[in-house]
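Ligands are counted one by one from 1 in listed order, and the atoms in each one are counted from 1 as well.
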Amino acid sequence: MQQKLRIAVQKSGRLQDESIRLLREAGLDIETGKNKLKAVASNFPVELFFLRDDDIPQYVFDGVADVGIIGRDVYAEQASANTVVASLGFARCRLSVAVPADVAYTGASWLQGKRIATSFPNLLQQFLDQQQITAEVHVVSGSVEITTGIGLADAICDLVSTGSTLASNNLKEVQQVFASEAIMIANPAIDEARRQLLDCLLFRIAAVQKASRYKYILLNCPDAAIDAVTAIIPGMKSPTVLPLATSGWSSLHSVVDENDFWLRIDQLKAAGAEGILVVPIEKMIL
Ligand code: AMP
């Protein structure tokens with residue numbers, strides 16, 4: 001029987017939906033049901049294990065799973081010895097120190113001698129050591145943001161993305177300690193057969209990630225403008241140029257990076273392009 005690549009994903013929480021969505025976009029036909037602990041893909045030798053994300057690094061290191069999807073925050077907090085094989089670009093957040101909104105925070109030295117509640121004692125301690133600050137670190141496993149209000153702590157160190165949870169607890173973010181996003185980790189001693197499956201999966205993930213950064217662009221332009229338009233959107237090799245039924249005009253197809261998309265559009269219009277259509281790309285293989 002063919003070996004399966006065993007992938008650990010979060011059982012419930014913020015990472016789960018996006019992890020499964022990424023694997024599905026990479027072409028894996030995964031059936032998930034409520035309260036299921038395992039799932040398989042019908043079209044790729046993969047088995048998914050649904051686990052607590054804090055437990056995933058250890059399961060991967062012990063070889064119970066080959067690969068796991070977790071936050072970089074958890075990986076760094078546990079000083080995990082697994083290999084990071086991909087940055088996945090979702091669940092972006094930061095581990096930050098926050099203090100009550102009415103505190104006049106003057107800089108890291110304000111934290112000297114203070115009580116700070118966190119679920120990330122190691123990352124916080126590293127930050128405090130770097131800043132040469134001595135503080136009392138109180139480890140709590142959840143609801144960190146209420147600890148200042150109930151008199152347990154003077155400050156907190158917790159994950160933030162929009163800041164709305166902090167604001168609703170009358171806290172303000174004052175200091176970033178660590179930047180996180182979802183990552184894929186792998187057992188460093190993964191066997192050769194599974195390594196090949198992992199390489200195949202990583203190749204597909206890279207194609208999905210690349211595609212999400214680029215758009216397919218179609219436009220019409222006078223033949224005399226083809227060179228100028230090509231210089232603006234050179235594409236992967238060079239644009240496709242097709243004659244229009246109207247003589248003296250062509251249709252030009254290319255790809256454009258989302259980051260400089262609006263800049264290019266303005267340049268294209270100035271060069272004489274018309275009828276510009278922009279459509280998403282599903283996969284991109286270079
Ligand atoms: P949770 O489901 O709350 O246990 O969070 C799981 C992971 O999602 C964390 O380890 C972070 O990597 C990420 N995460 C946590 N909080 C946020 C947030 N506010 N915004 C985005 N990602 C987050």
Report task. Flag Ser12 as yes when one of its N or O atoms lies below 3.5 Å from any N or O atom of ligand 1, and as no otherwise. Result -> no

Query raised in the report: How many angstroms lie between atom CZ of Arg14 and atom CG of Leu159, to the nearest 0.5 angstrom?
Result: 8.0 Å

Report task. Look up atom CD1 in Ile20 and atom CD in Glu18, then write down how far apart they are to the nearest 0.5 Å. Result -> 11.0 Å

Report task. List the steps, then state whether salt bridge (charged side-chain N to carboxylate O under 4.0 Å, His left out) holds for Glu258 with Lys215. Result -> CA-CA 7 Å; Glu258 189 151 56; Lys215 300 275 180 246; 3.2 Å; yes

What atoms in ligand 1 come closer than 4.0 Å to a heavy atom of [X]?
{"X": "Gly71", "answer": "12 (O)"}
{"X": "Val74", "answer": "10 (O)"}
{"X": "Leu159", "answer": "9 (C), 11 (C), 15 (C), 16 (N)"}

**Report entry** Salt-bridge criterion met for Glu25 and Arg204 (N-O under 4.0 Å)
**Finding:** no

Requested in this report: Measure from atom 22 (N) of ligand 1 to every heavy atom in Gly13, Cys93, Ala182 and give the option owning the shortest one.
Outcome: Cys93

Query raised in the report: Given Asp73, Ile183, Thr165, which one has a non-hydrogen atom that is nearest to atom 12 (O) of ligand 1?
Result: Asp73

So which heavy atom in the protein is nearest [atom], and how far is it from that ligand atom?
{"atom": "atom 4 (O) of ligand 1", "result": "Gln10 NE2, 3.6 Å"}
{"atom": "atom 6 (C) of ligand 1", "result": "Asp53 OD2, 3.4 Å"}
{"atom": "atom 5 (O) of ligand 1", "result": "Arg14 CD, 3.8 Å"}

**Report entry** Name of the residue among Asp62, Asp54, Asp55 meeting side-chain hydrogen bond (donor to acceptor under 3.5 Å, both in side chains) with Gln58
**Finding:** Asp62

Query raised in the report: Is a side-chain N or O of Asp191 found less than 3.5 angstrom from the main chain of Arg194, in a donor-acceptor match?
Result: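 Yes, because the side chain of Asp191 sits within donor-acceptor range (under 3.5 Å) of the backbone of Arg194.
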
